[in-house]
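These notes concern the structure reproduced below.
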Amino acid sequence: MRITVRLRMLGTASAAEHELLLELPETATVESALSKLGLLPQESNLLILVDGRGVDSRHPLEDGDVLTILPRLAGG
Amino acid sequence: MPSILRINITHSETSQEAVPEGWERLGGRALTARVLHDEVDPACEPLGRYNKVVLAPGLLAGTGVSSASRVSIGGKSPLTSGIKEASAGGVLGGMLARLGIKAVIIEGRAKPGQWFVIHLSGRGARLVPAGELVNLGTYETVARLREVYGSRVGIATLGPAGMMRLNAAGVACTDHEGQPGRFAARGGLGAVLGSKGVKAIVVDADGATKPTPHDAAGFRRAAKAYHDALRDTPQTAEVYANYGTAAIVDITNELGGFPTCNFSTGRFEHAGELSGRAIHRLLKERDGEAVIAHACMPGCIIRCSNVFVDSQGKTLVSPLEYETIGLLGSNCGIGDLDTIARMNYLCNDLGVDTIEIGAALGVAMEAGVLSFGAAEDAMAAIRQIGDGTLLGRVLGSGAAIAGRVLGVEHVPVVRGQAMAAYEPRAIKGLGVTYATSPMGADHTAGNTIRAKVDHHSAEGQIAASRNAQVVAATFDTLGLCLFAGPAISTRLNLLVDLLIALYGWELDTAGLMMLGEQTLGMELAFNRAAGWSEWGNRLPEYMSLEPNPATNTVFDIPAEHLAQLYQKPG
């Protein structure tokens, strides 16, 4: 299956934004996507959304999902 | 030895007192709570003679540790009619701590028409007539005071809104460069200070040295470990520095929790133009006086602040922050950063809380007095606050009063105070905080946005909010910026080590959290005696009935759970 990944303010020198398509097996979870992106070690610092809803890394992905990954932040 | 400085305005008397027994381990918000709890009648009139204003630097202030020199300002709030603490960054907290002042207690009040500047230095405190400063905006006030007292002083000042005792008035504190952009904004404490006849507080700590740690080598080690943690956590090392607090726009808008057009929905079509990414891009292009990573206090590693400039590279305002963007921007249907920055500057100069004013403008827009997206009209309405017109005073009295005057049902307030830029039907933990915090609807009292919960679901929100409220009260007691959270929330021992080395206390992480628990306990006791009931722990009714269209969720945390939040052990 194919999912869209939107990365915001993550990666080397916290790159502003990056969007990509990820090809994953049918049984893939958020964890598999993070692993493929090399983001798994940072998981506790990430806010992970599937179609605008917060999920954890065990969440199963479906074909066509939009996965958005942001740093966990609070604002003032 | 640290001391308590008491300033009685009625009698023009100042006195230096030893720190009472039992107050040694208190600082910042814990100390403002203690003084108000012990000395102020909770039933008093907030703008009357018996209320007090307390300034207290946090326990780590002035030590040179990063992001830990905030000052708490406390008093009974004219907005919530409960106890209030608002904290500010900038230089004031560090300077008070270096002068050995654990708290400044301002009591009594001036005769009508009389205004003072309080001057604090190593030689003590004195009251100076405010003279021609009285009606000036905060920027001009600070510029003149720096001419008189030198550019190294720290200043807290009111603008015209505080002089008019408007409920949305905050206290503007100076930053590193002497600009009054660091606000103890919330709760109307500027009106309380105005009711005392105090225009400004000038702190001169020239020649004063950092507090001497009990164990200097241990303190250096603990500070290094804490600074390493800030540097090895992506958020505190680079995300805030690159994108500022406006980085949150992407998060709340994705979650459907970015307040838009008087909290009528949680996604804004122009959110991308208001994001931290957009600010970063603009400031890079415009250059000139722009600063992307700006520290509000010396030595801050996080540097979430910025200097926002116009297309010519000239400063419009510093800082331009998330809450301001959410309330003066999306909540008013305004999607242009330059306009929001200009509104922000006006609010700063008048000395009002951008959150409260943005919410009041949203209410006026819903009432049809103004229109969503009509930025010039909104700007003119803000100017009316300074002119003291009837509309200006209504807006300057905050969203709750504006809603009553204008006959609006949809008013995003709790306990008379406007919500911050987190829509609580989408980010429900914030809704719990708004409803239950002794601070009223205040995001700084317990922000759950980083909590590992499904923000759209009711599940786990009570626990997330309660935990965030205790952490916030603890950080506020230390003078620690909440943005250090990502680096240390799982390494609280780093804070314990700092306190042990600084003060020589016996302490563990449970004891650290007790500082927050005890603070909340005093605040809740004050509010109960002021007439608050747990059954008033509610969000506006419509938020339980009408879904946020961005998420199709209502606020559905049961009222009895909100009422009992503080009756259950954390």
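Predicted model, so just to flag it, every value in this text is computed and none were measured. Naming: A, B, ... by sequence-line order, numbering from 1 per chain.
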Checklist line | Interatomic spacing from CG in B:Asn306 to NE2 in B:His294 - rounded to 0.5 Å | finding: 8.5 Å

Notebook entry, point to check: Aromatic ring centroids of B:Tyr422 and B:Tyr322 under 6.0 Å?
Noted result: yes

Notebook entry, point to check: Are side-chain N/O atoms of B:Arg182 and B:Ser305 paired as donor and acceptor at under 3.5 Å?
Noted result: yes

Margin query: Walk me through whether A:Ser32 and A:Thr29 qualify under side-chain hydrogen bond (donor to acceptor under 3.5 Å, both in side chains).
Written below: CA-CA 5 Å; A:Ser32 349; A:Thr29 60; 3.2 Å; yes

Next item on the list: Please flag which part of B:Ser457 lies under 4.5 Å from any non-hydrogen atom of chain A: side chain, backbone, both or neither.
Entry: both

Next item on the list: Could you have a look at B:Pro486, B:Ala247, B:Cys304 and say which one has the most heavy-atom pairs with chain A under 4.5 angstrom?
Entry: B:Ala247

Checklist line | Per-residue contacts, residues 55-71 of chain A versus chain B, heavy atoms under 4.5 Å | finding: A:Thr68, A:Leu70, A:Pro71

Notebook entry, point to check: Where on B:Ala241 is there a heavy atom nearer than 4.5 Å to chain A: the side chain, the backbone, both, or neither?
Noted result: neither

Check: Just by distance, do the side chain of B:Ser330 and the backbone of B:Gly326 share a donor-acceptor pair under 3.5 Å?
Finding: yes

Next item on the list: Would you mind listing every salt bridge (charged side-chain N to carboxylate O under 4.0 Å, His left out) that reaches into residues 441-451 of chain B, with sequence neighbours excluded?
Entry: B:Lys84-B:Asp442

Next item on the list: Pick one of side chain, backbone, both or neither for B:His280, based on which atoms fall under 4.5 Å of a heavy atom in chain A.
Entry: neither

Margin query: If only side-chain N and O atoms count, and only distance matters, is there a donor-acceptor pair under 3.5 Å linking B:Gln469 with B:Ser465?
Written below: yes

Note to self: How long is the straight-line distance from CG of B:Leu320 back to CG of B:Leu283, given to the nearest 0.5 Å?
What the structure shows: 8.5 Å

Checklist line | Contact origin within B:Leu482 toward chain A - heavy atom pairs under 4.5 Å | finding: neither

